[in-house]
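Below is one structure, written out as C-alpha cells, with a few remarks after it.
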Amino acid sequence: MTDASIPLIVGGDIGPQGDAGSDRARPDADLLEGLNPPQREAVIYRGPALLIVAGAGSGKTSVLTRRIASLLRSREAWPSQILAITFTNKAAGEMRERVAQLVGDRAQGMWISTFHSACVRILRREAEAFGFTKSFTIYDSGDTRALLKRLVKEHEADAFGLTPGSVMSKISKLKNELADAESYARSANMSDPAERVFVEVFGEYQRALQRANAFDFDDLIGQTVFLFRAFPKIADTYRRRFRHILVDEYQDTNHAQYALINELTRPVGSDAQPFDGGGGMMIFEATPEPGSDTDAASLTVVGDSDQSIYAFRGADIRNITEFERDYPGAKVVLLEQNYRSTQNILTAANSVIGNNFDRKDKKLWTDVGAGEKIVGFTGYSQHDEAQFVADEIEALHRTDIDYSQMAVFYRTNSQSRALEEIFIRSAIPYKIMGGTKFYERAEIKDAMAYLVAIANPADEMAVRRILNKPRRGIGDVTETAIARYAADQQITFRDALANASALGVGPKIQAAIAQLDAVLAEAAEIMLPSSGELAPPTAVAEGLTLLLQKSGYMSALRQSKDPQDEARLENLDELVAVTREFARNNPDGTVIDFLTEVALVSDADDLEDASGSVSLMTLHTAKGLEYDAVFVTGVEEDLIPHRISAGEPGGPQEERRLFYVGITRARKRLYMSLAMTRAQFGEVTVAMPSRFLQEIPADLIDWRQSPGDVNSRGGIQSRALNARRPGGSGGGFGGAPARRFGDDLVPKSTALDRFPNRIPARVRDNGDMILGPGDRIRHEDFGEGRVDAVTGEGAKRVAHVRFDKVGAKKLLIKIAPIEKI
DNA sequence: TAAATATGCTTTTTT
DNA sequence: AGCATATTTA
C-alpha cells in the first residue's frame, strides 16, 4: 500500500538541502519511526485531498504533527503556507509544541489555531472592506443574550412565545447555515406573526452588532465566508498564501466552517467557476508543480464520525461522511489500531457504538491485551456514588497512579456538585474543567466592559453595562436620556457622555457622568495614546488598574459588607495579573489583542496546571483527552442519554457517541457508576440504569454493586445478597461470549441480565403492546417501518420489521423504543 | 433609586 | 436547591 508512495517523497527530497539541524539522508526517516503502515501513509501521502479516518486513540495527533513536520522538512511548504485548524486553543497549542519538537524554530509562522481565532485574524486585516474597523470586539454568548433580551423586549416578541434563549439558538442555527435575516425571511412562513417578529428581531440584532462594530461567535466564521465570497480578490490572497490546510475534528464542523474551508481550497482566481468541476479534473494530471500559485491548496481532514458530538450546535456529520463526494479523488486512510486502551475497554466501546446503525463499520483493536475488567457500581444516591468514586480514586492512588492520571466524567455540569463535596471531604485534589467560568463572573465582565468601552467605543452594550457600575445614581431614566441625546446628535452613546450638561438631568448625575467620561478618557490615553505612539506593554495592566480605581469600582467593593465582595476583589486582582502575564507573552499586545484572546479562550483550554489533581469534566469536554483511569458517572436514563435528546432526531445516537467518547478516554481502568435516586430541581427522583449499559457484554463488567443490589426505595439489600456478588465461580457469565448484537441480533447476554427485573420500567416497557403483520411502527433510531412477522411469546416476543430507511431488523417488542402508528 | 422580598426557572453539551 | 429576575416597598 505504501510501496508506491514512499519513493515519491524520498525521491523529491534527497537532494542536498544543507538543512539546518540534524541532517539526514531522508529528512523524514525519524518522522516515520514507530508508525504503522496506514499511519505512514497518512504522513507521506501527497495529493489534493486526504481524509484520515482516525478512530479513538489511533494516534491521529501524532500523524498530523508528523505530516506537518514532513511538509516543512522536505521544503514542500514554508511555515507560512500552512494552516492547521483545531477544535480548541489547547489542542492548537499542543500541536504547535509537538511540531516544534520535530522541526524546531521553523514551526514559527504557521497558523495553528481554532476556526474562530483564524477568522478573527483574517477579519482584523480585512474588516475595513465591509464596514467594520480593525478594533471590532467579539460578543460572547452572554453579550449576545443580553442584547437579544433588550430587543425581544422592545419588539414585544415574548407575546409570540419568543424568549431571548430561543431567539438566540435559532439565530445561531441560521448563521451556521450561512443564512441571514433577509434570506431567512424569503423562505419563512411570513404569515405567521411569530416568524415576522423573529425576522424583525434577527435583523435588528444584526444591525446592532454592526453599529457596535462587533461580531458574535457565529459571525466570526460566517462573515469571513461572506467576505471571501463578496471580495474574490481578498479570498485569493489567502488562497495563494495557504497551500496546505489541515483540519482536525472534522466531524464536528458545521456548514459555515465547511464553506470556509471550501472557499480556501478553491483554485486561485476561480470564483467564477463552480467548485466541483475544477477540483475533480485536476487530480488526474501529473502532480502539479508545488508552488504553482493557481491550483487549489491541498486539504487534509482528520475525523471520526463516531465521535461527532456537537450536532446540537450545528455540526454536520455529513461533512465527513460525504468528503469523498465533495473532493473527488480524495485519498482515504483508515486508522483502526488503538494505542491507548486495553482490549476490554475497546470491546465495550465497540459494542456500544455498534448499536448506531448509520455508521461505517469500524472496529478498534489493540495488541496490549485484555486488561482489567470494567468496574460497575450503583449507589443509592448521587452522594453514595460520589463516595464510591472518591474511595476508588484513593485506592488507585495508593497503587501509585497519579491523581493527574485520573478523570471523572459526567453528562451535565450540575452533577459536579455532589462529587466536589465528597472530594473536599476526602481531601482529594481535584480540578473542574469548564463549569463556572472565570470570565463569566459579573465583576470580571464589568471590568472587561470597561476595557471594551476604551477599545471599541462604538460598542454601546459595554458602555451601558458600566454606566452604573459602581452605583453612580444613573438609572433607567438617565440611560434613556443619554441614548436619546446620542441619537439626536448623531453621535455614539460613548461620546454623548462627554456632554453631560446637555442631557437635561440633575447636577449630581451630570457630575457622575462627567467623572465617568473623564476616567474613560484618561485610560484611553494610556492604552491608545492619541499621539499615535505605541503604548507600552504594561498599558493594559495600568489602564485596567486605573479604570478600576478611579471609577470607584474597587472602593465600592471594599466598603461593601457582602462577604462575597472580598472574593470579587480577589478575582479582579487576578484579572490584573492576567493582563500582566499577557504583556509578558505579547510585548506588542494591545487592548484589542487582549480582549480577543480572552473572548476566544475557553476554560477547558488551561488544562496544564491540572498537575497533581483529578480532573472533573463533562463528557463533551473530555473529547481528545486520555487518562489511565476514567470514571463515567451518572450512567442513567434521562442523563445519558439525556432526556432532552429523546425528542431530537438523531439525539439518542449522538448520546451514544458521547458515551463512546467517554469510554474511549480510558487507558487502563474504566469505572461506570450510577445512582438509583438523584436529586434534581430540589426533588428526589428515581433513576434507572442507562440503556447503554445493556449494550456492554456482561462479562466485561465487574459489578461491585449492581443495580439489582440496590433497593430503589432506598438502602442496600442484605449483605448476604451483596456477598454473592459475581466474581467467583457461580457468576453465570462464563459461557456467554461477547456476541455482536448491534444490528440484527437481540442481545444475548448483557450487563443487565443479572438483574432482569430491573430492566428500567420507565425507560422502556411497552407492556403488552400487540403487534401483527402489516402494522406500521416508529422506532426511535430506525425511523418508520412495517411489521413483517411476530415470533416468540410473552416478554420475549420479537417483531421482524422492515424499516423504510435501514432495512430489516428484529426487535424485542417489550423493550424496543417503538410506538405503533 | 436601591434594597428587600417573591416568583419562577433551571440542567445538555461549547468555540 | 439555588440562582436570576420581577415586583414590591422604603
Side-chain angles (χ1 to χ4, degrees), chain A residues 85-92 113-120 138-142 144-146 149 153 163-165 168-169 172 175-176 215-222 249 252-254 256-257 308-315 382 409-418 433-437 439-440 442 468 470-479 505-506 508-509 512 560-562 564 596 598-605 617-623 634 638-648 651-652 654-655 657-659 661-662 678-685:
Chain A
I85 302 286
T86 58
F87 200 64
T88 61
N89 292 293
K90 176 177 148 276
S113 67
T114 61
F115 271 107
H116 297 268
S117 312
C119 287
V120 169
I138 300 163
Y139 274 27
D140 66 19
S141 28
T144 296
R145 177 176 291 270
K149 201 176 145 196
K153 202 174 200 175
T163 64
M168 185 158 111
S169 70
S172 176
K175 286 186 173 181
N176 286 334
F215 296 97
D216 65 21
F217 273 135
D218 299 314
D219 275 346
L220 293 177
I221 316 285
E249 309 283 10
D252 284 324
T253 50
N254 61 35
Q257 293 165 332
S308 163
I309 53 174
Y310 285 102
F312 71 91
R313 75 175 205 220
Q382 70 264 47
F409 302 155
Y410 35 80
R411 178 64 236 269
T412 65
N413 278 310
S414 61
Q415 289 169 253
S416 67
R417 275 213 192 102
M433 307 307 185
T436 315
K437 289 161 188 158
Y439 292 105
E440 282 173 17
N468 199 30
R471 305 242 140 89
R472 300 184 171 88
I474 301 176
D476 279 351
V477 183
T478 313
E479 189 176 329
V505 295
K508 253 196 189 147
I509 294 178
S560 152
K561 25 183 200 276
D562 185 340
Q564 290 202 332
T596 304
V598 169
L600 297 180
V601 125
S602 74
D603 279 10
D605 285 330
M617 68 189 85
T618 65
L619 285 162
H620 281 87
T621 311
K623 191 175 72 163
D638 288 355
L639 218 43
I640 172 94
H642 197 276
R643 57 211 297 261
I644 292 179
S645 75
E648 319 259 313
E654 175 147 318
E655 297 286 310
R657 290 194 291 269
L658 190 56
F659 188 55
V661 165
R678 191 169 289 274
Q680 227 174 197
F681 306 138
E683 50 187 275
V684 177
T685 54

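Quick note on labels: first sequence line is chain A, next is B, and so on, each numbered from 1. Note that the structure is a prediction, hence the values are computed from the model and not measured.
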Whether [X] contacts [N] is assessed here as follows: a side-chain N or O lying under 4.0 Å from the phosphate OP1 or OP2. Is that the case?
X      : N      : result
A/R472 : B/dT1  : no
A/T621 : B/dT13 : no
A/T618 : B/dT14 : yes

Base, sugar-phosphate, or nothing for A/N176, non-hydrogen atoms under 4.0 angstrom?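 Touches nothing.
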What's the CZ-C1' distance between A/R657 and B/dT13, to the nearest Å?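 For the pair A/R657 CZ and B/dT13 C1', the rounded distance is 13 Å.
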Measure from CG on A/D219 to P on B/dT15 and round the result to the nearest Å.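 Those two atoms, CG and P, are 18 Å apart.
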Face-to-face contact A/F217 to B/dT15 six-ring, under 5.5 Å, under 30°: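 Here the ring of A/F217 and the base of B/dT15 are stacked, with centres under 5.5 Å and planes under 30°.
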Are the side chains of A/H620 and A/Y310 in contact, using a 4.5 Å heavy-atom criterion?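 Yes - at least one pair of side-chain heavy atoms lies under 4.5 Å apart.
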For A/S308, check side-chain hydrogen bond (donor to acceptor under 3.5 Å, both in side chains) against everything at least two apart and list the hits.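 Result, side-chain hydrogen bond (donor to acceptor under 3.5 Å, both in side chains) vs A/S308: none returned.
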Tell me every residue that passes side-chain hydrogen bond (donor to acceptor under 3.5 Å, both in side chains) with A/T114, counting only those two or more places apart in sequence or in another chain.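 By the side-chain hydrogen bond (donor to acceptor under 3.5 Å, both in side chains) rule, A/T114 matches A/S117.
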Taking ring pair (Phe, Tyr, Trp, His ring centres under 6.0 Å) as the definition, give me every residue that meets it alongside A/F215, ordered by chain and number, with sequence neighbours left out.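 Counting only residues at least two positions away or on another chain, A/F215 forms a ring pair (Phe, Tyr, Trp, His ring centres under 6.0 Å) with A/F132, A/F136.
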Taking a pair as Watson-Crick (N1 to N3 plus N6-O4 or O6-N4) or G-U wobble (N1-O2 and O6-N3), both under 3.5 Å, which stems of 3 or more consecutive pairs involve DNA chain C?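 DNA chain C forms these stems: B:1-10 with C:1-10.
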Counterpart residues, salt bridge (Lys or Arg N to Asp or Glu O under 4.0 Å), relative to A/R313 (two or more places apart):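 Once residues adjacent in sequence are excluded, A/R313 has no partner under the salt bridge (Lys or Arg N to Asp or Glu O under 4.0 Å) criterion.
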Set of salt bridge (Lys or Arg N to Asp or Glu O under 4.0 Å) partners for A/E249, sequence neighbours left out: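 Only A/K60, A/K623 meet the salt bridge (Lys or Arg N to Asp or Glu O under 4.0 Å) criterion with A/E249.
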To the nearest 0.5 Å, tell me how far A/F87 CZ sits from A/T253 OG1.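 Answer rounded to 0.5 Å: 9.5 Å.
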Under the side-chain contact (heavy atoms from CB on, under 4.5 Å) rule, collect the residues that match up with A/N254, sequence neighbours excluded.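 Result, side-chain contact (heavy atoms from CB on, under 4.5 Å) vs A/N254: A/N176, A/A256, A/Q257.
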Not counting sequence neighbours, which residues clear side-chain contact (heavy atoms from CB on, under 4.5 Å) with A/E654? List them please.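 side-chain contact (heavy atoms from CB on, under 4.5 Å) list for A/E654, sorted by chain: A/A311, A/F312, A/R657.
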Pairwise 5' ranking along DNA chain B for A/Y310 and A/T478, keeping only the more 5' one: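 So the residue in question is A/T478.
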Which atom pairs link the protein and nucleotides 6-12 of chain B when you take only N or O atoms and keep those under 3.5 Å?
{"unit_1": "B/dT12", "atom_1": "O2", "unit_2": "A/R411", "atom_2": "NH1", "d": "2.9"}
{"unit_1": "B/dT12", "atom_1": "O2", "unit_2": "A/R411", "atom_2": "NH2", "d": "2.1"}

